[in-house]
**Q** 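Please find one structure pasted underneath; my questions will follow.
What you are looking at is a predicted structure, and each value in this text was computed from that prediction instead of being measured. Chain letters run A, B, ... following the sequence lines, proteins first and then strands; every chain starts at 1.
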Amino acid sequence: MIDYEGIEKKWQDAWREARIFEGEIGGKEPYMVTAAFPYANAPQHIGHLRTYGTADVLARYKRMQGYNVLYPMGFHATGTPVLAFAKRFIEKDKDLIAEMKLFHIPDEDLEKMTDPVYIANYFTKELEKGMHKAGYSIDWRRKFTSIDPFFSKFIEWQFGILNEKGLLTQGKHPVGWCPNENNAVGMHDTKHDLEPEIEKETVLRFKVEGEEAYVLCVTYRPETIFGVTNLFVAENAQYILCKIKGMDGNCYLSKASAEALKHQFDITIINEVAGKEMLQKRCINKKGINQMILPIFPGFFVKEDLGSGIVMSVPSHAPFDYAALQRLKGQGYDISMVKPAKLIEVKAGKITEGKDLVPSELDMPALAYLKLTNADENSLEDLLEAATKLQYKEESHWGRMIVKGYEGMSEPEARESIRKELIAAGEAFDVYTLVNSSPVFCRCGSRIVIKTVENQWFINYGNQAWKEAVQNAYSKMRILPEKSKNAFESAIGWIDLRAVVRAQGLGTKFPFDKDYIIESLSDSTIYMSFYTISNLIREVELDKLKPEFFGYVFLGKGNADKVAESTGIDPETIRKCSESFSYWYKNTSRHSALELIFNHLTMYIFNHVAIFDEAYWPKQIVTNGMVLMEGEKMSKSLGNIVPLLDGIRNYGADPLRAVVISSADLFSDSEFSNEALNGIKERFEYMFSIVQNLEGMGSSGLKQIDYWLYSKLNRKIRDSTASMETLSLRDVATSLIYDSVIELRRYFSRGGVNSIVVKDYMTNLVLMLQPMAPHLSEELWHMLGNDSFASLEKWPTPDESVISDIIEDLEALLESTIVDAKQVSELMKKKENREPREFRLIVASDWKREIQNRLATERNSSTLLQELKGSESITNKETAAKYILSLSKKINEIKSIQFSQKEEYDSLKEAEDYLGSQLKCKVLVEKEEESKSNRASRAMPGKPSIDLIY
RNA sequence: GCAGGGGUGGCAGAGCUUGGCCAAAUGCGACGGGCUUAGGACCCGUUUCCAUAGCGGAUGCGAGAGUUCAAAUCUCUCCCCCUGCACCA
């Protein structure tokens, strides 16, 4: 049995003592692996093994490839989560405390968790402990957190440069806002951790007849302005007439909606108007096709606090509007002046197509969609909603405008161009709305609104020159897995203004407005470079870390002595820092999760391009999926989080690493399951026992099966090396863990006994297992009689000359022959209930191989038949012709045969005993031309004829 | 809605870039058999349907259409699922 706990401790101690993972500048090619900052508000669970484990595999692999590898680690504490976390502790949040209990955090520590800095420090230590126990080859001397003061100095320097280069801008920005606390709110600040979802909608205005005032309507579909027949208000709601700053004329909207919109617009109330009073007014729609005068009706579905509290009615394209009008008609309203207009035609709609719709209904599409959803004007709102969605979907997907001037335009196209026209004409403007399915509340209890923040600072990732430089840099980078390349490309094109400061949270103060703090993704875009000097400047006084110091170290600006003079840092340290950065940072691999492509990783590229010289731009980015727990997402609510330390204790670090890293390719989510884990453990045990029992094994001359094992081994080395290069760790694991055991078992069952061969096999296997299962590898390496660290050994190189398709094919032939023979025997037993006393295996003649190989390359039987006449090597021409004809049926599927009759015969002959033991019967191998069996002629190359002798 | 990625056998998951060797690797499960006092482990076989002294045939890789002598693999259309969408780490 493998004592995982024992070998983990043994080797972790040994590694640490020998300091073999501490990156020092050396003669060898450097290679730096960095993985995303873990966030310091919880200890690790086994999901973390994915990113950090993959990074460690690469680090260990590169080390064995002869690189001088540096794998540093730091921690993230910037932003609001830690603050929110502390807040929840102050409130004694039960869920949170339960979650922390899951991680076995002692009560006395929990009590201190009301202090954000304590929290960050505490989990930083926990995270380091977990990573150490997982066996990561990290150089811990370089660790820092994103709230360490010396790191802030570095970030200030970075933003200074961004500003110098004109990449920071200011402008308006919509945010979720708590009107009570006067604060921007994010997910962490809301009840139930809801993210406020903000969407842009369009406000259209309609002139009121006889007044210098407008009615405002909020809509997603400004293109339907041509078909507006009337407006709807909530009869019992309160409306207001008001002045909106920057707009000519006064506006009508509901009082409730003004309450929310006042955070986006400067609204001055002039007077209040009852809903009933609104009904007296009429509006003008200059764009109307069938009617320009719009009456105002009560609408049953109008919500006073949504949008502007007034809805424009387009009965032809909105089931709600149609239904409301029909209901009014039923109540005796005179709606005779309503003249709907059809604006969009759906010809190829998946759902409407082929349905028997009455032509008149097609002029009123909304009615058609109501019918399709089995609804009518009196249906419940849910049904009307379904009809609306269906119509919206079909029209935006397949709809074409039939309005003059826009004919043939797709609906989304028309929407955008009409919106722009109306805004340019001053008849419309944008508004932001919260689109969460239910209202979002702040933790303080008040309802969240949207506020437009003035003078918000942004990083302008939309800057064209910058974008182009990034695209250029990107084209030279290596992205793994290749599948995520497209995502990067579109992310680079898409990323635009990004708000960069926040009012709250831990982190670095924004240098150009000290009231704000740099937002937490923006302060983590170039921190990896800081690892190259963090261990060297730990003792330097903070106020000495001036911009010119960083400028010299990272950009080579000025000279060391002058910088020493102006900063007071000793010149030796400055030189060392500069040297360290330019040594380590040339060859880097960045590891993070897939979902960070659209923010962190893209910002990482942009900022490197903006700040550093080209030589230090990113070289490689590796992304990976998440870890699922028995098919489900690990989440607090499901309670299926396995803390990393628990996982290591229960399963062993190596099996855990292997299962998480190897159960999926980089792109997919991997799965933690007990089954898979046990499967891996069993294989490890098997390997362990082989090494343990190596002494007792015999030796003999090399037989086919020995050559076979060598062939398999070297093929494995070749393929695994290739897979390692692309970090196809699933393939590596399958080959090393699962296939190896199958091969070894086969070797022994075939009578392999050569301890030298097995030792060679295990030696190479153990080295290749090092990146994935470092402790076990190290242990087995020593059991095999080595004194060095496997971690520092050379990765094996394949000996191509012993990779033999022929030998592997011949071995496969043995297996398939056994299977076939058994099958025949079974069949006969069933049928005639008798057991054979001998199996005769007849190997096909060489002339059959000749023919088969010719057909495989030429794919033409007639020329061959022609040549047959003159052939001297083939004596029985009739048989040969028949053979050709039988093959020609599937002329395109014929495979060529690599081995001769002699090779096939020798292979089977050598294995006669093995075949006999497998078939539990006497086996005799003979050649076709020497056989007296009447089944001899059925033999085909690579498919011996089987004759059962009774 | 936009962007990116997927949909393969009971399940998980290869293969699809470079069409034929793919009824489709491998792992798990299920069933039958062996081994065993028994269980576990291990070994053998079956696991779409039909046929059968093995080497054969049919159907088949989200749906539909197309290209081709030949498609899980290429093209088009559609449906469905997952992830991200910004101040949130």
**Q** Within the structure shown, what part of the strands sits under 4.0 Å from Ser945(A) by heavy-atom distance: base, sugar-phosphate, or nothing?
**A**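 If one applies the 4.0 Å heavy-atom cut-off, Ser945(A) turns out to touch a base.
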**Q** My understanding is that only residues two or more places apart in sequence, or in another chain, count here; which of them pass side chain to side chain contact (heavy atoms under 4.5 Å, CB included) with Ser723(A)?
**A** Ser728(A), Asp731(A), Val732(A)
**Q** Can you tell if the side chain of Ile605(A) reaches within under 4.5 Å of the side chain of Phe488(A), non-hydrogen atoms only?
**A** yes
**Q** What N/O pairs connect the protein and nucleotides 39-43 of chain B at under 3.5 Å? Give each pair on its own line.
**A**
| from | atom 1 | to | atom 2 | distance (Å) |
| --- | --- | --- | --- | --- |
| rC43(B) | OP1 | Arg745(A) | NH1 | 3.4 |

**Q** Check side chain to side chain donor-acceptor pair (under 3.5 Å) between Arg419(A) and all other residues, then give those that pass, not counting sequence neighbours.
**A** Glu416(A), Asp430(A)
**Q** Looking at rG10(B), which nucleotide sits across from it as a Watson-Crick or G-U wobble partner, both distances under 3.5 angstrom, or is there none?
**A** rC28(B)
**Q** In this structure, how many angstroms lie between the P atom of rC21(B) and the CG atom of Asp809(A), rounded?
**A** 16 Å
**Q** How would you list, by chain and number, every residue that makes a side chain to side chain donor-acceptor pair (under 3.5 Å) with Thr602(A), sequence neighbours excluded?
**A**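 Checked Thr602(A) against side chain to side chain donor-acceptor pair (under 3.5 Å); zero matches.
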**Q** Quantified in whole Å, what is the C1' atom distance between nucleotide rA71(B) and nucleotide rG64(B)?
**A** 15 Å
**Q** So if I take residues 815-823 of chain A and measure heavy-atom distances to RNA chain B, which residues fall below 4.0 Å?
**A**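 Heavy-atom contacts with RNA chain B come from Val819(A), Asp820(A), Lys822(A), Gln823(A).
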**Q** Kindly write out the residues that satisfy side chain to side chain donor-acceptor pair (under 3.5 Å) with Glu201(A), not counting sequence neighbours, or none if the list is empty.
**A** Thr433(A)
**Q** Select from Leu948(A) and Lys483(A) the residue whose nearest nucleotide in RNA chain B is closer to the 5' end of that strand.
**A** Lys483(A)
**Q** Is it true that the side chains of Asn460(A) and Thr169(A) contain a donor and an acceptor less than 3.5 Å apart?
**A**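 Note: Asn460(A) and Thr169(A) side chains miss the donor-acceptor criterion.
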**Q** State the pairing partner of rC76(B); accept Watson-Crick or G-U wobble contacts with both distances under 3.5 Å, and report none otherwise.
**A**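 Here rC76(B) is engaged in a pair, and the nucleotide opposite it is rG64(B).
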**Q** Does Lys943(A) have any side chain to side chain contact (heavy atoms under 4.5 Å, CB included) partners at least two apart in sequence or in another chain, and if so, which?
**A**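 Only Asp820(A), Met940(A) meet the side chain to side chain contact (heavy atoms under 4.5 Å, CB included) criterion with Lys943(A).
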**Q** When you compare the protein's N or O atoms with those of nucleotides 83-86 of chain B, which come within less than 3.5 Å of each other, and at what distance?
**A**
| from | atom 1 | to | atom 2 | distance (Å) |
| --- | --- | --- | --- | --- |
| rA86(B) | N1 | Leu497(A) | O | 3.3 |

**Q** In whole angstrom, what separates Lys451(A)'s NZ from rC87(B)'s C1'?
**A**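 After rounding, the gap between these two atoms is 16 Å.
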**Q** Is it true that the side chains of Ser524(A) and His76(A) contain a donor and an acceptor less than 3.5 Å apart?
**A**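 Note: Ser524(A) and His76(A) side chains meet the donor-acceptor criterion.
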**Q** Just to verify, what does Glu811(A) make a salt bridge (Lys or Arg N to Asp or Glu O under 4.0 Å) with, not counting sequence neighbours?
**A** Arg746(A), Arg750(A)
**Q** Check salt bridge (Lys or Arg N to Asp or Glu O under 4.0 Å) between Arg730(A) and all other residues, then give those that pass, not counting sequence neighbours.
**A**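 In terms of salt bridge (Lys or Arg N to Asp or Glu O under 4.0 Å), with neighbours along the sequence ignored, Arg730(A) is linked to no residue.
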**Q** From rC87(B), rG4(B), rG5(B), pick the nucleotide closest to the side chain of Ser490(A)?
**A** rG4(B)
**Q** With a 3.5 Å limit on both atom pairs, tell me what rU83(B) is paired to, counting Watson-Crick and G-U wobble, or say none.
**A** rA3(B)
**Q** Considering only heavy atoms from C-beta outward, does the side chain of Ile946(A) approach that of Arg840(A) to under 4.5 Å?
**A** no
**Q** Carefully, step by step, assess Tyr516(A) and Trp457(A) under the rule ring-ring contact (aromatic ring centres under 6.0 Å, His included).
**A** CA-CA 10 Å; Tyr516(A) 288 95; Trp457(A) 283 91; 9.3 Å; no
**Q** Judged by each residue's nearest nucleotide on RNA chain B, which is more toward the 5′ side, Met940(A) or Ser520(A)?
**A** Met940(A)
**Q** If you check every side-chain atom of Tyr738(A), which of rU26(B), rA3(B), rG6(B) has the closest atom?
**A**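 Closest nucleotide among those given: rU26(B).
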**Q** If the condition is side chain to side chain donor-acceptor pair (under 3.5 Å), which residues does Lys716(A) pass it with, not counting sequence neighbours?
**A**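 Expected list: Ser740(A), Glu743(A).
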**Q** Between the protein and nucleotides 14-16 of chain B, which nitrogen or oxygen pairs come in under 3.5 angstrom?
**A**
| from | atom 1 | to | atom 2 | distance (Å) |
| --- | --- | --- | --- | --- |
| rA14(B) | OP1 | Asp665(A) | OD2 | 3.0 |

